[in-house]
2 protein chains.
Amino acid sequence: MARRTGRRPGNPDTREAILAAARSAFAERGFDAASIRGIATAAGVDPALVHHYFGTKEDLFRATVDIPIDPAQLLPTVLGAGPDGAGERLVRAFLGVWDSPVGAAAVALLRSAVSNEWTARLMREFLVTQVLRRVLDHLDLDPAELPLRGSLVATQVIGLAMMRYVIRLEPVASADPETLVAAIGPTVQRYLTGDITGDLAG
Amino acid sequence: MARRTGRRPGNPDTREAILAAARSAFAERGFDAASIRGIATAAGVDPALVHHYFGTKEDLFRATVDIPIDPAQLLPTVLGAGPDGAGERLVRAFLGVWDSPVGAAAVALLRSAVSNEWTARLMREFLVTQVLRRVLDHLDLDPAELPLRGSLVATQVIGLAMMRYVIRLEPVASADPETLVAAIGPTVQRYLTGDITGDLAG
DNA sequence: GTCTATACGTGGATAGAC
DNA sequence: GTCTATCCACGTATAGAC
């Protein structure tokens, strides 16, 4: 019995356990409020290990939100069938991602963007360069209108995320995804391709 | 010369100075990140005075967001001219409030609602009982649809606030209010009185 | 590779002097 | 009414023992 009964050394998935704990902690509390100690406790490891594997808290956050989701993959689904109905498909695709486990990273980014200037910049850049620009570039539109159209889409989509995942306002928080697609899809469609100058009457 | 040259005693507007500093601090950083010490420094007073006037940090926050804005006052403006165009008028009224100095309190509440469960509850209750219910009660609608309509309006309006005041995504962040009214008003109008079940095609 | 101990900073809150 | 001094809790991060 050369070895004591203590915890086994070199646990191979300690890193993954930390990452998972960090993901939910950041998603539930945001960057500032989440603590390394809390994450370590949730993962069942020592706080020092977190630093050992990931460096600073900021590094850990970056690793957390650096999810293996390539927005480009979703583009064919959203835009493949042409501009008609793109709004509905975009809302459906967003809900699909946010409702999935990896959506926790998106919620973490959203929650943190409110308290941290650098995470807000991270979010702006992600929204603009990874999502909005790609979608809008595939639609034949007046280039001068693109920035406004893009940020209007952002107001609706991020507002939906805020109410559903952060503020948890009912009934949006637990509504069926297709209900939201039917209700909000047309809004996004109008922001993408419709008239946004006010000529459209109720 | 019975009196020294030190700071004058009994400064009557110290309380207001603290309140103003607290408002902008909470609006810029949220409840958690804003510190009593920082607020005191910004107000040019001692941290202990903050406690003396307002009690705990939570008490101070409540005093900060307890603004003298009665949503009921805005109702005639929004709904007075009938349901047609109510969406545009609601967006205009919101921007009027949020863009004004007292809007800082609203931004503070929004920012804080993301990190604090109790401020999120505060915001939910304010939204539901003070804003959405009042607006919707004045429109003749199927009562079964009211909660969904109300939270849809919330997704769009709060999303607008997030992008304009918190994330500061351009061009929405510095857009002319009437541009936003023209673009977003019809969305709110549809959520209030239109078809939200998906029959409306682009 | 894992954990203990600790340095270092910050922030809320209070007691009590002036 | 205002401020000094301080207590206490917590968080990040690191050094170094095992």
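Letters go in sequence order (proteins before strands), and every chain restarts at 1.
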Original post:
Counting just side-chain N and O atoms, does Y53(A) come under 4.0 Å of either OP1 or OP2 of dT2(C)?
Top reply: yes
Original post:
Separation of F54(A) atom CZ from dT2(C) atom P, in whole Å?
Top reply: 12 Å
Subject >> Any pair counted as ring pair (Phe, Tyr, Trp, His ring centres under 6.0 Å), so long as it reaches residues 19-40 of chain A, sequence neighbours left out >> reply: F26(A)-F31(A), F26(A)-F61(A), F31(A)-F61(A), F31(A)-W118(A)
Subject >> Integer-rounded Å distance: dG1(C) P and H52(A) NE2 >> reply: 6 Å
**OP:** Only counting residues at least two apart or in another chain, list the ones meeting side chain to side chain donor-acceptor pair (under 3.5 Å) with R149(B).
**Re:** E145(B)
Original post:
Under 4.0 Å between a Lys/Arg side-chain N and an Asp/Glu carboxylate O for E178(B) and R92(B)?
Top reply: yes
**OP:** Report the distance from atom CG of L49(A) to atom P of dT4(C), rounded to the nearest whole Å.
**Re:** 10 Å
Subject >> Residues which pass side chain to side chain donor-acceptor pair (under 3.5 Å) with Q130(B), listed by chain and number, not counting sequence neighbours >> reply: R134(B)
Original post:
What residue pairs, at least two apart or across chains, pass ring pair (Phe, Tyr, Trp, His ring centres under 6.0 Å) with a residue in residues 129-187 of chain B?
Top reply: W98(B)-Y165(B)
Original post:
In chain order, what residues pass the side chain to side chain donor-acceptor pair (under 3.5 Å) check against T129(B), with sequence neighbours excluded?
Top reply: none
I'd like a list of close polar pairs between nucleotides 11-14 of chain C and the protein, N/O only, cut-off under 3.5 Å.
unit_1  : atom_1 : unit_2 : atom_2 : d
dG12(C) : OP1    : A34(B) : O      : 3.4
dG12(C) : OP1    : I36(B) : N      : 3.4
dG12(C) : OP1    : K57(B) : NZ     : 2.9
dG12(C) : OP2    : I36(B) : N      : 2.7
dG12(C) : N7     : R37(B) : NH1    : 2.6
dG12(C) : O6     : R37(B) : NH1    : 3.1
dA13(C) : OP2    : H51(B) : NE2    : 3.3
dA13(C) : OP2    : K57(B) : N      : 3.0

